[in-house]
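Notes to accompany the following structure.
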Amino acid sequence: MPKNAEQRSFKDFLSHIDNQDDDTNGHDENGHLSELSEFISDEHPIVYFSMEMYDQSNDIKGGGGLGVLAADTRRVAEQLNAPFVIVTLFYPRESHQTLRYFWQHEIHTSADPLRLYKELGCVSIRSMYDDDAELTILERKLGSTRIIAVTEPNLGELYQGGNSDDHRLYQEVALGFGGYQALKQQGIEAAFMQLNESPTVFAAIAKLDDLCQQGLPLKEAIEQTRSSLLYTNHTLVAAAESKFHRDQFRRRVMPNIESESVRDWLDSMFDADGLLPLSLLAIELSGAKSGVSKLHARVSNFSDKDGNHVDFQAVTNGISRKWIADGVSDYYHDLGILDEFDLPSDDYVDKLQRLEINAIRELKSQGRQELNRVLETRLDQTGQPIQIPDDALIFDFKRRFVSYKRAGMVFSDPDRLAGILEEENAHFILTGKPHASDYPMKEELHRILTLVDEHPVLRSRVHYIQDYDEEVGRALSIGADCAINIPEVGREACGTSWMKDIANFKLLISTPDGGVADLDPIACLEVSGDEEYELYKRMVEAAEILRNDDRYLAETIREISGYLPIISGSRMVKEYLGLISRMRSNRLVSTS
Ligand SMILES: *Cc1c(COP(=O)(O)O)cnc(C)c1O
């Protein structure tokens with residue numbers, strides 16, 4: 001049986017979905033996805049705009065989940081041979097974390113755009129402040145996909161400054177208007193555009209302006225833009241979105257728009273305070289809107305211009321096979337659990353019963369060795385590499401250090417934590433960075449690391465890995481034993497690091513939030529009610545399960561049975577294609 005889809009065409013994938021023997025392809029809703037192969041081609045690809053792509057093997061470092069999703073979406077498209085272009089920015093400056101006396105400091109490195117990318121030419125964007133900014137267009141082809149990145153030496157770094165700062169608006173204009181022009185120059189006309197979060201909306205404005213310049217009246221130009229635009233939202237509440245002032249628009253956005261009708265339309269979108277959230281533009285210009293988990297799509301609270309509630313479709317994030325150890329991925333394919341497109345097979349739940357504990361233990365031991373190799377090259381809170389005895393269990397918490405993810409909960413009772421780690425012969429690995437301007441979370445990191453340092457047991461059993469990145473994320477997913485994912489319920493849009501854990505036979509301790517809550521009840525070790533108490537109880541339970549072959553096999557099968565379809569990045573792409581297909585044929589019911 002072929003282990004991957006590299007020899008199969010995109011059309012094969014579409015017909016495979018149409019023929020799938022389940023109801024998730026929703027034929028009557030979607031029509032047949034195979035029809036899409038008539039519209040999607042190398043000249044008319046799916047074009048995905050993202051301010052962030054987290055893909056260090058392509059020399060672009062991101063900041064978190066949104067960028068990981070963008071890179072994974074491209075990887076899955078490549079694996080499925082789908083014509084796909086990601087348009088993003090190449091930031092010439094990268095930020096890294098270092099610690100001094102347990103305080104985070106940022107150090108900056110520069111990134112060389114020409115190490116991997118080909119220079120294709122340039123485009124320029126305008127503002128009322130200074131001369132036109134010249135942006136270089138970079139390209140890298142990877143199978144059926146391409147990365148098109150625009151850059152210039154003063155573009156700065158990802159998430160520099162605040163959400164609604166002028167420099168952020170400059171970067172967003174550079175991506176949207178610069179990226180759209182770059183595509184045009186290359187003769188690429190998108191069959192469909194997907195906006196990965198609203199700051200990419202200037203790409204849609206550039207298209208709207210282009211259509212009006214070609215002579216289309218505004219109303220029709222808006223209709224046409226909508227019919228091929230999908231907006232994917234990651235932000236739960238409209239209030240958290242970036243908003244810009246009319247004056248910022250006048251100076252940075254309007255000079256890039258030729259049509260007076262588009263400028264007037266934009267002008268009419270500001271609220272009484274002269275502010276415009278970019279999400280409103282994305283809502284008005286997209287024919288389909290999606291959230292990144294079922295819970296997220298349900299609770300998203302956005303309104304259109306007329307104040308109507310906006311419906312978001314749920315397309316839960318998935319991950320690409322990059323995050324799954326090769327041996328584990330081969331094992332799933334050998335047992336027929338995943339098919340050649342990395343979709344769970346129709347009878348994957350039955351097939352999971354064929355998993356064998358010895359094989360799992362052997363794969364975990366290989367994973368631990370890989371983790372050890374990475375730990376040797378990284379620094380802990382004292383500036384030393386980390387060594388963990390082979391017979392010790394490893395718990396981890398690896399999340400961006402942001403308040404709602406609650407890294408601190410593990411340390412709410414230091415003696416209780418110390419007792420568990422000692423009794424169960426376990427170590428705890430913590431990693432994740434606060435945003436450069438998040439001073440409360442920098443304090444929180446300092447507090448936790450000081451508390452650990454002052455505790456005789458925690459000091460030798462709790463390890464913080466500096467400068468959390470993809471390498472650390474993957475190594476922990478593959479090599480640690482149990483992951484702790486305890487976001488404040490209602491705050492996590494989806495999260496994907498827990499998917500990497502379950503796929504690699506780790507146990508998951510989690511609150512019912514984000515994509516974990518796609519299942520009700522959730523299929524892992526749940527933390528609910530008295531959360532601090534439950535968390536410690538679950539850690540003890542996880543250690544007992546992990547040391548018992550029968551219980552470990554049963555629990556890991558339970559978690560994978562529940563979550564494998566959700567984890568599959570091909571399932572995610574399949575659902576996006578379903579949305580696109582329904583949008584194309586106007587079968588999507590959507591307010592606004
Ligand atoms: C997977 C991953 C993420 C996304 O994780 P969340 O679950 O969304 O927090 C972020 N950063 C890195 C480095 C990752 O590997």
Side-chain angles (χ1 to χ4, degrees), residues 54 56-57 61 68 96-99 319 321-332 357-399 407 410 417-418 420-433 448-449 452-453 457-485 496-509 539 542-543 545-549 552 556:
Y54 204 151
Q56 284 170 290
S57 63
K61 189 173 171 301
V68 168
H96 293 268
Q97 178 198 46
T98 183
L99 288 179
I319 56 173
R321 59 160 65 173
K322 163 200 160 107
W323 301 102
I324 306 178
D326 290 346
V328 174
S329 181
D330 288 349
Y331 193 35
Y332 287 137
I357 188 64
N358 291 339
I360 293 176
R361 295 267 189 219
E362 172 55 29
L363 288 164
K364 285 309 299 179
S365 138
Q366 289 169 15
R368 175 67 79 87
Q369 288 162 34
E370 200 163 327
L371 171 61
N372 288 344
R373 279 194 293 277
V374 170
L375 290 181
E376 265 171 37
T377 68
R378 309 290 297 226
L379 303 178
D380 72 2
Q381 64 269 39
T382 65
Q384 300 299 312
I386 300 164
Q387 277 186 320
I388 294 177
D390 285 341
D391 62 349
L393 293 175
I394 301 180
F395 289 93
D396 71 35
F397 181 102
K398 48 174 181 349
R399 316 295 311 276
V410 186
L417 175 64
I420 294 170
L421 296 180
E422 258 192 336
E423 266 156 53
E424 307 297 343
N425 183 20
H427 285 241
F428 184 84
I429 295 185
L430 174 67
T431 186
K433 298 180 268 199
I448 291 171
L449 295 179
V452 166
D453 190 56
V457 173
L458 296 185
R459 197 182 185 155
S460 57
R461 290 190 181 264
V462 177
H463 317 271
Y464 179 77
I465 310 179
Q466 297 188 31
D467 205 26
Y468 174 49
D469 62 2
E470 284 170 285
E471 181 190 47
V472 169
R474 183 172 189 277
L476 286 169
S477 301
I478 291 172
D481 300 295
C482 177
I484 295 175
N485 174 62
T496 54
S497 55
W498 62 271
M499 299 181 186
K500 305 169 191 168
D501 299 316
I502 289 181
N504 289 291
F505 304 127
K506 267 170 83 178
L507 299 188
L508 176 68
I509 295 176
M539 287 178 76
I545 293 173
L546 284 160
R547 299 222 187 264
N548 177 307
D549 283 351
Y552 176 32
T556 201

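Note that these values count all heavy atoms, side chains included, but never hydrogens, waters or copies made by symmetry.
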- Message: side chain to side chain contact (heavy atoms under 4.5 Å, CB included) for Ile429 and Leu375? Distances and angles first, verdict last.
- Response: CA-CA 11 Å; Ile429 295 185; Leu375 290 181; 4.2 Å; yes
- Donor-acceptor under 3.5 Å (Lys364 side chain, Ile478 main chain): yes
- Output yes when a side-chain donor or acceptor of Asn504 lies under 3.5 Å from a complementary backbone atom of Ala325, and no otherwise. yes
- Between CG on residue Leu476 and CG on residue Leu430, distance to nearest 0.5 Å: 10.0 Å
- Message: Strictly distance-based, threshold 3.5 Å: is any side-chain N or O of Arg547 a donor or acceptor partner for the main-chain N or O of Glu424?
- Response: yes
- Compare all side-chain heavy atoms of Val410 with those of Phe395 and state whether any distance is below 4.5 angstrom. no
- Message: Please check this pair: side chain of Glu470 against backbone of Gln56, looking for a donor-acceptor N/O pair closer than 3.5 Å.
- Response: yes
- Determine yes or no for a side-chain-to-main-chain donor-acceptor pair under 3.5 angstrom, with Ser365 supplying the side chain and Arg361 the backbone. no
- Any side-chain heavy atom of Cys482 sitting closer than 4.5 Å to one from Ile509? yes
- Quick one: ring pair (Phe, Tyr, Trp, His ring centres under 6.0 Å) partners of Tyr332, sequence neighbours excluded? Phe505
- Task: Taking all non-hydrogen atoms of both residues into account, name the closest pair between Leu507 and Ala542 and its distance.
- Result: CD1-O, 3.9 Å
- Query: Who passes side-chain hydrogen bond (donor to acceptor under 3.5 Å, both in side chains) against Arg461, sequence neighbours left out?
  - Reply: Asn425
- Query: To the nearest 0.5 Å, what is the distance between OG1 (Thr496) and CG (Asp501)?
  - Reply: 9.5 Å
- Note on the structure: Applying salt bridge (Lys or Arg N to Asp or Glu O under 4.0 Å) to Glu370 and not counting sequence neighbours gives Arg474
- Query: Which heavy atom in Gln466 sits nearest to a heavy atom in Asp380, and how many Å separate them?
  - Reply: NE2-O, 2.8 Å
- Message: So Asn372 and Arg368, do their side chains get closer than 4.5 Å, heavy atoms only?
- Response: yes
- Query: When rounded to the nearest 0.5 angstrom, what distance separates CG in Leu546 from CG in Asp481?
  - Reply: 5.5 Å
- Task: Please determine which of Val328, Asp326, Asp330 meets the side-chain contact (heavy atoms from CB on, under 4.5 Å) test together with Leu363.
- Result: Val328
- Less than 4.5 Å apart, any side-chain heavy atom of Arg378 and any of Asp469? yes
- Stepwise side chain to side chain donor-acceptor pair (under 3.5 Å) check, Asp467 with His96: CA-CA 6 Å; Asp467 205 26; His96 293 268; 2.8 Å; yes
- Message: Are the side chains of Val462 and Ile448 in contact, using a 4.5 Å heavy-atom criterion?
- Response: no
- Tell me, do His463 and Phe428 make a side-chain contact under 4.5 Å, heavy atoms counted? no
- Message: Determine whether Ile545 and Thr556 satisfy the following criterion, side chain to side chain contact (heavy atoms under 4.5 Å, CB included), listing intermediate values before the conclusion.
- Response: CA-CA 10 Å; Ile545 293 173; Thr556 201; over 6 Å; no
- Message: Are more than 12 heavy atoms, taken from residues, nucleotides or ligands other than Gln387, located less than 6.0 Å from that residue's CD atom?
- Response: no
- Straight-line distance of Thr98 OG1 to Leu379 CG, nearest 0.5 Å: 7.5 Å
- Query: If you look at every heavy atom in Ile465 and Gln97, which pair is closest and at what distance?
  - Reply: O-OE1, 4.5 Å
- Gap between atom CZ of Arg459 and atom CD of Gln381 - 0.5 Å precision: 9.5 Å
- Hey, are the side chains of Leu99 and Tyr464 touching, using non-hydrogen atoms and a 4.5 Å cut-off? yes
- Query: From Ile386 CD1 over to Leu371 CG, what is the distance, rounded to the nearest 0.5 angstrom?
  - Reply: 8.5 Å
- Task: May I ask you to test the Pro389-His427 pair for a side-chain heavy-atom distance under 4.5 Å?
- Result: yes
- Item | Tyr54 to Val68 - nearest heavy-atom pair and separation | CB-N, 3.5 Å
- Can you check whether Ile324's main-chain N or O pairs, donor with acceptor, with Ser329's side chain at less than 3.5 Å? no
- Nearest heavy-atom neighbours spanning Lys398 and Gly473: CE-O, 3.9 Å
